[in-house]
Amino acid sequence: MRLLALLTLSVSTALWLSVNTTGQLVVKEEEGMVNTLEVKETMVDAVGVIVEQLVEQRFRRCHIILLSQPDPSPIVNTVLRHIADKVRNSVVVVTDGKQDLQQSTWGNKLTTCRALIMCFSHHANTTTTDLFFSSLERAGLWKVHNTHVMMLGPRKGMETRLLQASLRNVITCVDERVRVYRRCLYCESGQPGIQFLFQWNLIWQHLDDFIQYVHLLDDPLSNLRGHTFRVVTIAYFPYIDYKRNREEPGTTVTPLDSINVRILDTLADSLNFTYVMREDPNRSFGNIDADGNYNGMSGQLQREEADFSFSLAPTPGRLKVMDFIRFMPPDAFVVTSLRPSFLPANLALVRPFSSTVWVCVLVGVLGWGLVLWLLQAVWTTLTGIRGVTLDKALVYSWSALMENSAKQPSVNISGQMLVGWWLMFCLVVSTGFRSSLISHLTVQGRSRAPESLGDLVEQETQQGWTWGTETWTYDGAVLEYFSKHTHPVMKTIHKNMQVMGLREGMNKLLAGGFSFIMLKNYIMVAIASHYTDIFGQSVVYVSKEEFAVMSCYGWGVRMGAPFFNSFITLRSRLEDAGLIETWTESIMEDRVRSNREKAKFDSDTPQQLLIQDDEKKQVVLSLSHLQGAFYLLALGFVIAFLSLLGENLLGRWSSQDNNAVTYEP
């Protein structure tokens, strides 16, 4: 919000005018210079013309509010008369300082431009003035960008009105004796000051000439003249990193190379400002409490204790208490787990087919043999020719599948047709099994690692799997996302989420049965630095499936900050040039290289040993690959022995029955 112009005329009825766009203007004539009623009316009309021209030039399409006291000065009617035909939107007149200005100030949802004209008479007292400005404070006028303010009234009390808290984000100009100056927020060493602009005389210069000076009131804030900004942040590499200057909470920090630091330094060089960076005392992005107030970095912006902060994500609640500048896409979450291990080699012979296929094959063998036996039995009944027995049909069905079939048992055309189709089935099944077995023996399979949050919930039910994330991550927008999500999977993830430090989480991951849910860019740097060998092989598996919780990352800015649009302009240039993406890649690569160099001399830093990649070696089938065949052979020996034992028992039982029958008296 900017206060554009202030005009003071020293006649018997003193008037001053203030307009909000880029600066403030005050014009003063010698006292006693004109004092007649005619001149007084001329001056009042002249002020009305100036207001008319500024309205037409600056906010013709704006929603305009005229704020006046119950006993307005003559200039109110003059202003209304001059601007009535110049605006295209509504004009609201408010004469009661106690009235709630919220609805009147903002207009409706389609309102994109707002202008407030405030009229004060020379009879105005402090109480009445305070009522108007307290109403503006409650309406949150200071929070909104592109809202213009124009003031009309006596010079007495002008300074007090301009220093009201509701106009704290205002850029103004002041003039003495027809000399026009600008009061800017960032003039002398970044502090408010006065700048001379031009000379102009309301009496002998034509009012139309005033328009040629209006452009001088614009201040695009391209030079902040060394102003020191207050920055609050928490560490989140590669977006922001720093070194703490002291150990106490909320200490100042020394920025290290990271994406937001490079962006900030670029903006500081371009706009000529400096900054002091502090760590948030709670190391929190910001959560809302029961009173509707935020803590953490969001709370500092809400209370205007900081000018802006890094690496925040926009949420509906945050956007009510701060402005937001988008700088980069969100860092998606990934599921990291222990690298999948090799599947047991003793099951290699049965792994080519799933359990469902094996059951179907077994049912097919038994079913085909039974069908063949039934068909032959029907044929025997009708023709009297001896058919095939059930044991021969089952033996043939199994031997044909093993590609070592016995003599074809069918004795009629229907049986031969059934045998032909069975041989076709056996060819397809045996060929598929053989090719799959070769691939499983040469490239040994691995266990399946979780790829999504749904996989985590499924493995929790089947294997007692657990998961967690780093403490600082499960905060702010991320915590709000999981805690308010209605999907059953998200509810389970939130309910069983464990929070811990990075080192503790990675140790649990390496122990197995645990997944670490983390932001991709952050965890990839940690894995590449400390959990990857010199050949690029890592024991940590990163899911290919990613899921984004936030819509984007950027800077949170205190509401109504006058530098907001200047930052947005420079951000667009950085984005269009592709620098942010390039910086992200180079910063991550540099940090990984630096961490790996430090790890060589730091015994406390985790560093994985060389990981052999068996998949890249020439495969020679060994006993470990074919142990399943020997297990089957041993199983056959056991079954054969049990069969022999059963035959002997049956034989003895049968012979005893025969002896009992023979020697019966």
Note to self: Would you say the ring centers of Phe229 and Phe563 fall short of 6.0 Å from each other?
What the structure shows: yes
Check: Does the separation of the ring centres of Trp583 and Tyr239 fall below 6.0 angstrom?
Finding: no
Check: Distance-only, no hydrogens or angles: does the Ser594 side chain make a donor-acceptor pair with backbone N or O of Asp590 under 3.5 Å?
Finding: no
Check: Between Arg558 and Asp323, is there a salt bridge with N-O shorter than 4.0 Å?
Finding: no
Notebook entry, point to check: Do the side chain of Ser284 and the main chain of Asp280 share a donor and acceptor less than 3.5 angstrom apart?
Noted result: no
Checklist line | Aromatic ring proximity, centroids under 6.0 angstrom, Phe324 and Phe308 | finding: no
Margin query: If you compare all heavy atoms of Thr492 against all heavy atoms of Trp467, which two are closest, and at what distance to 0.1 Å?
Written below: O-CZ2, 3.6 Å
Notebook entry, point to check: Hey, what do you get for OG1 (Thr233) to CG (Leu264), rounding to the nearest 0.5 Å?
Noted result: 10.0 Å
Checklist line | Ion pair Glu575/Arg326, N-O distance below 4.0 Å | finding: yes
Next item on the list: Run the salt-bridge test on Asp331 and Lys520 with the 4.0 Å N-O cut-off and return the result as yes or no.
Entry: no
Check: Would you find a donor on one side and an acceptor on the other, under 3.5 Å apart, between the side chain of Arg278 and the backbone of Thr251?
Finding: no
Item checked: Donor-acceptor contact present, side-chain Asn282 to main-chain Gly296, <3.5 Å -> no
Note to self: Can you confirm whether the side chains of Thr274 and Thr228 place a donor and an acceptor under 3.5 Å from each other?
What the structure shows: yes
Checklist line | Atom pair CE/OG1 of Met518 and Thr469 - distance to nearest 0.5 Å | finding: 5.0 Å
Notebook entry, point to check: Does atom CD of Glu581 have more than 12 heavy-atom neighbours from other groups under 6.0 Å away?
Noted result: no
Note to self: Please check: side-chain N/O of Asp289 versus main-chain N/O of Asp291, any donor-acceptor pairing under 3.5 Å?
What the structure shows: yes
Notebook entry, point to check: Sub-3.5 Å donor-acceptor pair from the side chain of Thr266 to the main-chain atoms of Arg262, do we have one?
Noted result: yes
Check: Side-chain donor-acceptor pair under 3.5 Å between His494 and Tyr481, yes or no?
Finding: no
Check: When rounded to the nearest 0.5 angstrom, what distance separates CG in Leu453 from CE in Met490?
Finding: 5.0 Å
Note to self: Tell me whether Arg230 contacts the main-chain N or O of Glu304 through its side chain, where contact means a donor paired with an acceptor under 3.5 Å.
What the structure shows: yes
Notebook entry, point to check: Does Ser298 use its side chain to pair, donor to acceptor, with the backbone of Tyr294 at less than 3.5 Å?
Noted result: no
Notebook entry, point to check: Which heavy-atom pair separates Arg318 from Gly286 by the least distance, and what is that distance?
Noted result: NH2-O, 3.3 Å
Margin query: I'd like to know if the side chain of Asp241 reaches the main chain of Ser258, judged simply by a donor and an acceptor atom lying under 3.5 Å from each other, with no hydrogens or angles considered.
Written below: no
Check: Judged by modelled atom types alone, do Thr466 and Asn496 share a side-chain donor-acceptor pair under 3.5 Å?
Finding: no
Notebook entry, point to check: Any side-chain donor paired with an acceptor under 3.5 Å for Asp265 and Tyr275?
Noted result: yes
Note to self: Are Phe327 and Tyr553 an aromatic pair, judged by ring center distance below 6.0 Å?
What the structure shows: no
Check: Under 3.5 Å, is there a donor-acceptor pair between the Asn260 and Ser311 side chains?
Finding: yes
Note to self: Using only atom types and a distance under 3.5 Å, with no angle test, would you say the side chain of Asn507 pairs donor to acceptor with the backbone of Arg503?
What the structure shows: yes
